[in-house]
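Please find one structure pasted underneath; my questions will follow.
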Amino acid sequence: MSRTVYVNGAYAAEEEAKISVFDRGFLFADGVYEVSSVIRGRLVDNRSHLRRLHRSLSELEMNAPASDSEIESIQYELIARNELDEGIVYLQVTRGAADRDFNYPEDARPTLVMFTQKKQIIDNPLAQTGITVVTTPDIRWARRDIKTVGLLAPSMAKMIAKRAGADDAWMVEQGFITEGSSNNAYIVTDGGVIVTRQLGHEILHGITRQAVLKLADETQLHIEERPFTVAEAHSAKEAFITSASAFVLPVRSIDSIPVGDGRPGPIAQQLRALYITAVLAES
Ligand code: PDD
C-alpha cells in the first residue's frame with residue numbers, strides 16, 4: 001500500500017513526492033536526520049530527538065526548516081494518515097537545492113522530508129534470541145556525534161556482518177569498540193558493571209542510550225562510561241545494544257564467541273523490560 005509522505009510543506013503519495021536533483025542532501029550528503037519510534041500511535045522520546053536535531057543542525061550551520069511544534073504536528077499527521085500503530089517516523093533536513101559547489105550556499109531553503117515505516121518493536125523476536133555481531137574497523141568520519149545522512153560506512157559494516165552470517169557489526173577504532181552500525185553498544189562485566197563508551201565525537205549520542213542509562217541508574221545498576229576493548233567484549237558476561245528502532249536488544253555472540261552462556265542476559269532483559277514499561281506508561 002502506498003504511504004503518504006511529507007516533502008517541503010505538502011503531503012503526497014510516495015510515488016508522487018519529489019525533491020530537486022540539486023538538493024545538497026543528494027549531492028553532498030549535506031543533511032541530517034532523526035528516527036523516532038512510535039508505539040500505540042505515540043512518538044517516543046520525541047523531545048529529545050528534536051533537541052538532538054537542533055544540535056546536528058547547528059554543528060553544520062544549517063537552519064531549522066520549521067519549529068518543533070510544526071515538526072511534531074507533521075509527524076502526528078503522518079502517523080494518522082498512514083494509520084501507524086507501531087514503527088518509526090523518519091525525518092530528514094537537508095541544506096536544500098543549490099548549484100553544485102562545495103561551499104555552503106547562502107540562501108538555500110532547507111528541505112524537509114518525513115515518512116513513516118511500520119516495524120514490530122515491542123514483539124521483536126530478536127529480543128528472545130538475542131542478536132549476533134561481528135567486529136569490523138570503524139571507517140566513518142570524525143564527527144559521528146552529528147547525525148548526518150552520510151551512512152555509507154555503516155551500510156558497508158552491516159553488509160560485512162550479513163556476509164558473515166551475523167545480524168550486525170560493532171565498529172572498532174584503535175582496539176576499542178565505538179558503537180554498533182546503527183546503535184550504541186554495551187557490555188556487562190563479571191562484576192555486573194554496565195560499560196558503554198562515553199559521549200564524544202566518536203559516537204552518536206543515542207536518545208535511547210540516555211533514557212536507558214537513566215533507568216539503569218535509578219535501578220541502582222552500576223554504569224561505567226568508558227571505551228572497552230574487543231577482548232573485553234569477547235569475555236563479557238552480557239552484551240546489548242540500544243536504538244530508537246530496536247529499544248534494547250541482547251547480543252548473544254560477538255565474532256562467533258558466545259557472550260556468557262550464549263543466551264540473552266538478565267541485565268539486558270531487565271533494561272528492555274524497564275524501557276518498554278516506561279514507554280507504554282507515556283503512550
Ligand atoms: N540509528 N549510533 C548510531 C551510529 C546510530 O545510527 C543510532 C541510531 C544510534 C542510537 O541512537 P538513538 O537511540 O537515538 O536511536 C547510535 C537510527 C535508529 C537509524 O539510523 O535508523
Side-chain angles (χ1 to χ4, degrees), residues 25 29 31-39 43-57 59 75 86-93 113-121 124 126 131 133 135-161 167-173 176-186 194 196-216 225 227-228 239-249 251 268 271-272 274-276 278-279 282:
V32 300
Y33 75 107
E34 282 295 329
V35 174
S36 297
S37 58
V38 175
I39 300 293
L43 289 158
V44 175
D45 289 337
N46 199 46
R47 293 283 145 81
S48 301
H49 284 283
L50 293 179
R51 207 173 306 129
R52 185 174 64 190
L53 173 68
H54 288 296
R55 184 175 179 281
S56 297
L57 289 169
E59 291 298 313
Q75 289 172 311
E86 190 165 320
I88 58 121
V89 178
Y90 175 92
L91 91 78
Q92 176 168 330
V93 182
V113 169
M114 287 193 227
F115 58 82
T116 56
Q117 203 154 294
K118 283 197 165 67
K119 184 172 193 261
Q120 215 173 26
I121 297 174
N124 185 343
L126 291 172
I131 63 165
V133 304
T135 57
T136 187
D138 194 336
I139 62 165
R140 297 175 300 164
W141 76 326
R143 288 303 306 274
R144 302 157 194 159
D145 57 312
I146 307 173
K147 197 165 171 61
T148 77
V149 297
L151 293 176
L152 200 47
S155 287
M156 290 168 75
K158 276 246 205 267
M159 289 309 297
I160 287 167
D167 297 307
D168 202 2
W170 276 13
M171 297 180 287
V172 181
E173 195 165 56
F176 295 94
I177 307 284
T178 50
E179 59 187 330
S181 62
S182 61
N183 43 68
N184 291 116
Y186 308 74
I194 298 166
T196 192
R197 197 181 184 106
Q198 74 279 13
L199 299 182
H201 288 177
E202 299 77 16
I203 62 166
L204 184 74
H205 302 184
I207 300 306
T208 322
R209 177 189 184 280
Q210 178 186 310
V212 167
L213 287 183
K214 183 162 177 279
L215 291 170
E225 294 184 56
F228 57 92
F240 60 94
I241 60 162
T242 64
S243 79
S245 53
F247 284 6
V248 180
L249 282 183
V251 172
L271 290 175
R272 179 174 175 85
L274 283 171
Y275 187 58
I276 288 175
V279 165
E282 287 283 304

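Remember, it's 1-based here, ligands and their atoms both numbered in the order they're listed.
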Practice task
Using a cut-off of 6.0 Å, state whether more than 12 heavy atoms not belonging to Glu225 lie near its atom CD.
Solution key: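 Enclosed.
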Exercise for the section: For Tyr33, counting its heavy atoms only, list the atoms of ligand 1 lying under 4.0 Å from any of them. Expected result: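 Result: 6 (O), 19 (C), 20 (O).
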Exercise for the section: For Ser181, take its heavy atoms, then give the atoms of ligand 1 lying under 4.0 Å from any of them. Expected result: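 In order of numbering, the contacting atoms are 4 (C).
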Practice task
List the closest protein heavy-atom neighbour of atom 15 (O) of ligand 1: residue, atom name, distance to the nearest 0.1 Å.
Solution key: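 Residue, atom and distance for the closest contact: Ala244 N, 2.8 Å.
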Exercise for the section: May I ask you to identify the nearest protein heavy atom to atom 11 (O) of ligand 1, giving residue, atom name and distance to one decimal place in Å? Expected result: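 Nearest protein contact, heavy atoms only, for atom 11 (O) of ligand 1 is Gly206 CA, 3.4 Å.
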Exercise for the section: Output the list of atoms in ligand 1 that are nearer than 4.0 Å to some heavy atom of Asn184, sorted by atom number. Expected result: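 It comes down to these atoms of ligand 1: 10 (C), 16 (C).
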Practice task
For atom 6 (O) of ligand 1, grab the closest protein heavy atom and report residue, atom and distance to one decimal in Å.
Solution key: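 Looking at atom 6 (O) of ligand 1, the protein heavy atom closest to it is Ser182 CA, 3.4 Å.
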Practice task
Could you find the nearest protein heavy atom to atom 21 (O) of ligand 1 and give me its residue, atom name and distance?
Solution key: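 Nearest protein contact, heavy atoms only, for atom 21 (O) of ligand 1 is Val35 CG2, 3.7 Å.
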Handout entry: Polar atom proximity, Thr208 to ligand 1 (N or O, under 3.5 Å)
Key =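 N/O-N/O distance under 3.5 Å: yes.
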Practice task
For Thr136 and Ala169, work out which heavy atoms get closest and say how close.
Solution key: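 So the minimum-distance heavy-atom pair works out to CG2-CB, 3.8 Å.
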Problem - Interatomic distance, Thr135 atom OG1 to Asp138 atom CG [nearest 0.5 angstrom] - result: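 Between atom OG1 of Thr135 and atom CG of Asp138 there are 11.5 Å.
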Handout entry: Ion pair check, Glu179 and Arg197, cut-off under 4.0 Å
Key =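 Not counted as a salt bridge, because no side-chain N and carboxylate O are separated by less than 4.0 Å.
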Problem - atom 17 (C) of ligand 1 [closest protein heavy-atom partner, distance rounded to 0.1 Å] - result: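 Sorting protein heavy atoms by distance from atom 17 (C) of ligand 1 puts Lys147 NZ, 3.6 Å first.
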Handout entry: Distance filter under 4.0 Å to Arg140 heavy atoms, resulting ligand 1 atoms
Key =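 Those qualifying, in numeric order: 4 (C).
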Exercise for the section: Please test Lys119 against Ser37 for side chain to side chain donor-acceptor pair (under 3.5 Å), starting from the C-alpha separation and ending with a verdict. Expected result: CA-CA 9 Å; Lys119 184 172 193 261; Ser37 58; over 6 Å; no
Problem - Shortest protein contact, atom 12 (P) of ligand 1 (heavy atom only) - result: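 Here the nearest protein heavy atom works out to Ile207 N, 3.6 Å.
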Practice task
Indicate the ring-plane relationship of Tyr90 and Phe115, choosing parallel, tilted or perpendicular according to the 30° and 60° boundaries.
Solution key: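 Correct class here is parallel.
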Problem - Sub-3.5 Å N/O-N/O distance, Arg52 and ligand 1 - result: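 N/O-N/O distance below 3.5 Å exists for this pair.
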Practice task
Enumerate the atoms of ligand 1 whose separation from the nearest heavy atom of His49 is less than 4.0 angstrom.
Solution key: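 In order of number, 14 (O).
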Handout entry: Parallel, tilted or perpendicular, as decided by the 30° and 60° cut-offs, for the rings of Phe247 and Tyr275
Key =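 The arrangement is perpendicular - the two ring planes meet at more than 60°.
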Problem - Under 3.5 Å: N/O of Ser245 near N/O of ligand 1 - result: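 There is no such contact.
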Handout entry: Pairing of Glu173 and Arg140 as salt bridge, 4.0 angstrom limit
Key =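 Result for this pair is no, no salt bridge flagged.
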Practice task
Using distance alone, determine whether Glu179 and ligand 1 share an N or O pair under 3.5 Å.
Solution key: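 Glu179 vs ligand 1: N/O contact under 3.5 Å present.
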Exercise for the section: Give a yes or no on whether a salt bridge exists between Asp145 and Arg143, defined as a side-chain N under 4.0 angstrom from a carboxylate O. Expected result: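 A salt bridge is present here (some side-chain N lies under 4.0 Å from a carboxylate O).
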